[in-house]
Amino acid sequence: QVQLVESGGGLVQPGGSLRLSCVASGFTFSTYTMSWYRQAPGKERESVAGITRRGGSTNYADSVKGRFTMSRDNAKNTVYLQMNSLKPEDTAVYYCNAEHPVFGMNYWGKGTLVTVSS
């Protein structure tokens, strides 16, 4: 059974930091590209960051460049999103996504809520 379980969300003040984690199971994690998406209230889901299968390359949305860092640990079947200098506009539900780059299988977690507010 495929599972992606996010954790680490919560309430943080502007300028603060959070580290999100996503633990995967039920598929060969190291063969999937991984991404973080977010969806703010009343808005469409948007891509935040992505990482290649071995972690050698990452990409980020312009809105988070220089503030967010995505990483993965294939030995632990886990991806992380380190979020620094958080802004109120970062408030959203953050979702973990796995996609096989060849066969196209695509999986989603249930999300973790991040609220940035004073």
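These numbers were taken from a predicted model, which means no experiment stands behind them.
- Take Arg45 and apply the salt bridge (charged side-chain N to carboxylate O under 4.0 Å, His left out) test, not counting sequence neighbours, and it matches no residue.
- More than 12 heavy atoms of other residues, nucleotides or ligands sit less than 6.0 Å from atom CD of Glu89.
- Minimum heavy-atom separation, Ser30 to Asn74: CB-ND2, 3.6 Å.
- Between the CE atom in Met105 and the OG1 atom in Thr28 there is a gap of 8.5 Å [rounded to 0.5 Å].
- The side-chain heavy atoms of Cys96 and Trp36, taken from C-beta on, include a pair separated by under 4.5 Å.
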Only distances under 3.5 Å count here; give the side-chain donor-acceptor pairs of residues 9-26 to other protein atoms, sequence neighbours excluded, each with its distance to 0.1 Å.
unit_1: Ser17; atom_1: OG; unit_2: Asn84; atom_2: OD1; d: 2.9

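- Considering only heavy atoms from C-beta on, Gln39 comes within 4.5 Å of Tyr95 through its side chain.
- For the side chain to side chain donor-acceptor pair (under 3.5 Å) test, no residue two or more places apart in sequence or in another chain qualifies with Lys43.
- Inter-residue side-chain proximity for Arg67 and Tyr60 is flagged as unmet; no heavy-atom pair is nearer than 4.5 Å.
- Sorted by first and then second residue, the disulfide (SG to SG under 2.5 Å) pairs with a member in residues 26-83 form an empty list; sequence neighbours excluded.
- Taking OG of Ser85 as the reference point, atom CZ of Phe68 lies at 9.0 Å (rounded to 0.5 Å).
- Here the straight-line distance linking atom CD of Gln82 with atom OG of Ser71 works out to 8.5 Å at 0.5 Å rounding.
- Not one N or O on the side chain of Thr112 forms a donor-acceptor pair closer than 3.5 Å with the backbone of Tyr94.
- Listed by chain and number, the residues in a salt bridge (charged side-chain N to carboxylate O under 4.0 Å, His left out) with Arg38 are Glu46, Asp90 (sequence neighbours excluded).
- For Tyr32, the ring-ring contact (aromatic ring centres under 6.0 Å, His included) partners at least two apart in sequence or on another chain are Phe27, His100, Tyr107.
- Distance check, rounded to the nearest 0.5 Å: OG1 of Thr69 to CG of Leu81 gives 8.0 Å.
- Not one N or O on the side chain of Thr58 forms a donor-acceptor pair closer than 3.5 Å with the backbone of Met70.
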